[in-house]
Amino acid sequence: MISVFGSRVGKEEIANVTAVMESQWMGFGGKVSEFEGLFAKRLGLEHFAMVDSGSNALYMAVTLLDLPPGSDVIVPAFTWVSCAQAVILAGHKPVFCDVELDTLNVSRATVEAAVTESTKAIMVVHFAGKPVDMDPILELGLPVIEDAAHAVDSSYYGRPCGGIGDVGIYSFDAVKNLTTGEGGGITARRAELIERAKILRYCGIGKSGFEAAASSAGGKSRWWEYNIQEPFIKMLPTNIAAAIGLAQLEKINDLQAYRKKIWDIYQSEFVDVSWIMRPPDAEKHEKHSYFTYVIRVPDRDKLAKYLFDADIYTTLRYHPLHLNSLYGSTASLKNCETLNEDSLSIPLHPNLTLDQVSLIVETIRKFPN
Ligand SMILES: Cc1ncc(COP(=O)(O)O)c(C=O)c1O
């Protein structure tokens with residue numbers, strides 16, 4: 001079965017992980033700081049902290065905004081569940097908004113349709129790595145959380161996706177453009193937010209006596225004591241994850257070029273297939289990350305089954321959140337509901353061979369539509 005998502009790791013990742021294991025320090029440590037520095041440098045982020053998942057980074061991001069308890073936070077309905085869960089776990093209420101049918105992103109119009117007097121923040125998702133049109137959303141004057149889980153290589157007018165709003169997150173899970181196995185990251189415009197994130201991620205513990213001793217002239221005799229500053233869960237990333245990430249950073253340009261190559265093949269091969277609606281390319285002021293290739297087709301379920309029978313796995317990413325009874329939403333979001341019926345992610349990842357890409361194209365072209 002050809003998989004729909006994937007990452008590529010090789011001997012460099014294995015060597016880095018082996019070195020960490022040989023060092024006998026597998027948990028949080030120096031490799032995390034090294035990864036944080038190099039990741040921030042690549043994207044041009046001033047403040048960045050690694051955590052153990054993108055989902056937890058979202059929870060951290062909402063927490064860092066210090067919104068009044070019970071605030072309404074706008075969340076696109078066409079996204080991963082963690083976006084809504086993060087809002088609820090931080091003590092607030094997700095209010096779902098629609099996305100545009102072409103970009104699969106929120107727009108100023110879809111956000112504004114959901115904004116009320118109780119809205120205290122807006123979450124946006126750069127779907128598939130296609131940048132959200134951020135400036136008109138920032139003009140609404142509300143704090144913005146950017147979910148750049150798909151957008152590690154994306155930019156908008158030269159600004160890195162994730163680093164444009166008040167706070168932004170990345171995911172480094174096993175199928176993301178840059179993987180650390182599991183992992184995530186958080187960035188913010190204000191330095192103090194990331195300083196706080198670095199405390200929160202370790203159960204809200206501030207400096208230990210040992211660290212205080214290292215940074216003060218007189219030292220500290222009881223180095224085992226520490227200050228607990230806030231109640232919070234543990235989100236520490238490991239040296240093992242960071243070591244994988246360091247190898248991935250070395251090859252991200254090649255990985256991205258390969259994703260773009262597959263994307264471009266699909267774009268040109270499907271241009272004359274009248275029943276396929278293709279995703280839009282990046283505009284001049286944008287850089288895309290090509291996380292997933294989503295087509296829209298009239299007979300989606302039949303196409304998915306036909307491809308499954310041909311050993312080509314596809315999926316719908318995502319089942320619209322407002323349709324999930326857990327959230328008790330009464331919203332009617334017609335574009336998300338349309339996408340729920342006609343959109344399909346087809347395979348795009350660096351482990352696909354070009355022969356497999358040709359097979360996927362040929363199989364889709366032969367679909368008896
Ligand atoms: C849009 C989006 N946000 C957040 C996440 C959560 O990231 P993680 O899997 O690292 O927890 C994902 C994961 O798929 C995602 O697609």
Side-chain angles (χ1 to χ4, degrees), residues 3-7 32 35 39 48-64 73-90 94 96-97 99-100 103-106 121-132 134 144-154 161-165 167-187 197 201 233-238 240-242 244-245 248 259 279 288-294 315-322 324 336 339 343 345 348-349:
S3 60
V4 63
F5 301 124
S7 56
V32 173
F35 175 78
F39 182 84
F48 176 74
M50 187 182 183
V51 291
D52 58 355
S53 75
S55 301
N56 280 347
L58 278 167
Y59 168 43
M60 173 89 83
V62 183
T63 303
L64 289 176
V73 178
I74 306 285
V75 174
F78 201 61
T79 187
W80 177 236
V81 297
S82 304
C83 295
Q85 308 289 48
V87 171
I88 295 171
L89 289 170
F96 298 113
C97 78
V99 298
E100 297 294 342
T103 59
L104 312 183
N105 277 337
V106 297
I122 299 164
M123 186 183 289
V124 305
V125 176
H126 302 283
F127 196 100
K130 165 100 174 148
V132 169
M134 291 295 290
V144 173
I145 304 156
E146 275 181 273
D147 180 336
H150 302 177
V152 81
D153 201 36
S154 300
C161 288
I164 303 168
V167 52
I169 73 96
Y170 303 92
S171 163
F172 310 129
D173 75 20
V175 299
K176 289 299 176 346
N177 299 50
L178 187 156
T179 186
T180 63
E182 290 284 356
I186 182 157
T187 185
R201 72 181 170 182
I233 60 170
K234 187 176 167 188
M235 295 187 184
L236 280 188
T238 65
I240 293 179
I244 298 170
Q248 290 272 292
R259 280 181 182 270
H288 205 301
S289 287
Y290 313 105
F291 168 63
T292 179
Y293 189 88
V294 182
T315 193
L316 167 64
R317 198 173 177 104
Y318 300 94
H319 182 58
L321 293 175
H322 71 295
N324 194 307
C336 287
L339 293 166
S343 69
S345 277
L348 195 173
H349 56 85

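When a ligand or atom number is given, it counts from 1 through the structure's own listing order. In this text the structure is predicted, and so the values were computed from the model without any measurement. For the single chain, residues carry numbers from 1 onward in sequence order.
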Output the list of atoms in ligand 1 that are nearer than 4.0 Å to some heavy atom of G183, sorted by atom number.
-> 10 (O)
Are side-chain heavy atoms of N105 and K130 found at a separation under 4.5 Å?
-> yes
What protein heavy atom is closest to atom 11 (O) of ligand 1, reported as residue, atom name and distance in Å?
-> S55 OG, 2.5 Å
Atom indices of ligand 1 within 4.0 angstrom of T79 heavy atoms, with elements = 1 (C)
Using a strict cut-off of 4.0 Å, indicate which atoms of ligand 1 neighbour a heavy atom of G54.
-> 6 (C), 7 (O), 8 (P), 10 (O), 11 (O)
Say whether N56, considering both its backbone and side-chain N or O atoms, lies within less than 3.5 Å of an N or O atom on ligand 1.
-> no
Over 60° means perpendicular and under 30° means parallel, so classify the ring planes of F78 and F127, tilted if in between.
-> parallel
Decide whether an N or O pair under 3.5 Å exists between W80 and ligand 1.
-> no
Using the ring of each side chain (for Trp, its six-membered ring), is Y318 parallel, tilted or perpendicular to H150, with breaks at 30° and 60°?
-> parallel
Check if F127 has a non-hydrogen atom at a distance under 4.0 Å from any atom of ligand 1.
-> no
Heavy-atom side-chain contact between H126 and M134 under 4.5 Å = yes
Select one of side chain, backbone, both or neither to describe which atoms of V175 lie under 4.0 Å from any atom of ligand 1, heavy atoms only.
-> neither
Where does F5 meet ligand 1, judged by heavy-atom distances below 4.0 Å: at the side chain, the backbone, both, or neither?
-> neither
Kindly confirm or rule out an N or O of H150 lying under 3.5 angstrom from an N or O of ligand 1.
-> yes
Could you say whether the N/O atoms of C83 and ligand 1 ever approach to under 3.5 Å?
-> no
Hey, what's the ring geometry for F291 with F5, parallel, tilted or perpendicular (30° and 60° as the breaks)?
-> parallel
Minimum side-chain heavy-atom gap E182-D52 below 4.5 Å | no
Check: D147 N/O within less than 3.5 Å of ligand 1 N/O = yes
Using a 4.5 Å cut-off on heavy atoms from C-beta on, say whether the side chain of Q248 contacts that of T180.
-> no
